[in-house]
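Working notes, beginning with the structure itself.
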Amino acid sequence: MPILMCPPTHYGVEYEINPWMHVATQVDRRLAWQQWEALLHTYRELGVEVVLADPVPGLPDMVFTANAGLTRGDRVVLSRFRHPERQREESRWRELFEGWGAPVCDTGDIAFEGAGDALFVGDTLVCGYGFRTDPEAIPLVARQLGVDTLAVELVDPRFYHLDTCLCPLDPGTILLAPAALSPESRERVRRLVPRVVEVPDGAAAGFACNAMAIGDVVVSSTAVEELRTPLRTAGYRVVGLPMSEFIKAGGGVRCLSLPVDGIGPQSVAAAATH
Ligand code: ARG
């Protein structure tokens, strides 16, 4: 499945909308580029096609493509961001997806932050709410994509998006930082997924859960190296990449990556030949 990324040309910490962001922090721009390119090369080496979005000046968080929307087959549900700072990205993402010829729907005025808060575990869409996405968005998205959902409540502000504390590795296995979910939601997740690889708080705070599974390789921040042993037992090897500059904005590997299922520039090309 291709992955959408956006170069960090205009990336920086220019506002504060999560506990990781401090405008006084300096982002090392050269290092940010190196870290982003290392991720791009890792994907390409693993045989993943990477599609690039055009970065836009004044939209520093566009680099976090996971929040552009959520795709399933050839459909896209566009994000409706909680904060005005990121709402300015919405028209850009709409243009991109519509340019690919994808049918784009949205949640109106109800906040929904795309794949950052909505992850498929097998065929079930697990949706996080509590910080960014409104719980009311979940039945709308379910209807628009025609999928079953499991709503989970996020309770730790450090893990404000679902993808900061939960990562599907395969239909029966996830990474999970359990304390990020309310006790009831934690139980619901455990009932859904037979194998939960628990991520200790320190590794989770290093964005270990913010990972992408490519076949049997878990690509994440360097904090994932702590999980080498349990992941080996689960049949995975790990690739840990330094993500320091993106963690300053509250993001890691997964936030920089949007899996785009059956859509992409190739769908435009395919449509043109029909
Ligand atoms: N600074 C961005 C925000 O607060 C980071 C987004 C991280 N994305 C993610 N999918 N967790 O919105």
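Counting starts at 1 for both ligands and their atoms, in listed order.
- Residues E245 and R29 are not in side-chain contact: their nearest non-hydrogen atoms beyond the backbone lie 4.5 Å or more apart.
- Atoms of ligand 1 lying under 4.0 Å from any heavy atom of G116, numbered from 1 in the order shown and given with element: 10 (N).
- Those atoms of ligand 1 that come under 4.0 Å of a heavy atom in G250, given as number and element, are 7 (C).
- F64 places none of its side-chain heavy atoms less than 4.5 Å from the side chain of E113.
- With a 4.5 Å cut-off on side-chain heavy atoms, M243 and L256 count as touching.
- Contacts between H83 and ligand 1, counted as non-hydrogen atom pairs separated by less than 4.0 Å, are absent for every part of the residue.
- With respect to atom 9 (C) of ligand 1, the closest heavy atom belonging to the protein is C255 SG, 2.8 Å.
- Within ligand 1, the atoms closer than 4.0 Å to a non-hydrogen atom of I17 are 3 (C), 4 (O), 12 (O), numbered from 1 in the order shown.
- The shortest separation from a heavy atom of R132 to ligand 1 is under 4.0 Å, placing the residue in contact.
- With rounding to the nearest 0.5 angstrom, the CG atom of D117 is 6.0 Å from the CG atom of L154.
- No side-chain heavy atom of F120 sits less than 4.5 Å from a side-chain heavy atom of P168.
- Residue N210 has no N or O atom closer than 3.5 Å to an N or O atom of ligand 1.
- With respect to atom 10 (N) of ligand 1, the closest heavy atom belonging to the protein is D163 OD2, 2.7 Å.
- In this structure, Y160 counts as a contact residue of ligand 1, since one of its heavy atoms falls inside 4.0 Å of the ligand.
- Neither the backbone nor the side chain of R254 comes within 4.0 Å of ligand 1, counting heavy atoms alone.
- The only option from L231, T229, V219 that meets the side-chain contact (heavy atoms from CB on, under 4.5 Å) definition with V238 turns out to be L231.
- For atom 8 (N) of ligand 1, the closest non-hydrogen atom on the protein side is N67 OD1, 2.8 Å.
- At under 3.5 Å, not a single nitrogen or oxygen of E113, backbone or side chain, sits near a nitrogen or oxygen of ligand 1.
- Considering backbone and side-chain atoms together, F64 places no N or O closer than 3.5 Å to any N or O of ligand 1.
- In summary, of the residues considered (L145, L140, V141, V147), a side-chain contact (heavy atoms from CB on, under 4.5 Å) with R143 occurs for L140 alone.
- Using bins of under 30°, 30° to 60° and over 60° for the plane-to-plane angle, the ring pair Y11/F246 lands in the tilted bin.
- In summary, the atoms of ligand 1 found under 4.0 Å from a heavy atom of D61, numbered by their order in the structure, are 1 (N), 2 (C), 3 (C).
- Aromatic ring centroids of W20 and F207 lie under 6.0 Å apart.
- Numbered from 1 in the order shown, with element, the atoms of ligand 1 that lie under 4.0 Å from a heavy atom of N18 read 1 (N), 3 (C), 4 (O).
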Using side-chain hydrogen bond (donor to acceptor under 3.5 Å, both in side chains), reason through Y236 and T173 one step at a time and then give a plain yes or no. CA-CA 11 Å; Y236 290 89; T173 314; 5.0 Å; no
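- Near A66, the atoms of ligand 1 lying under 4.0 angstrom from a non-hydrogen atom of the residue are 10 (N).
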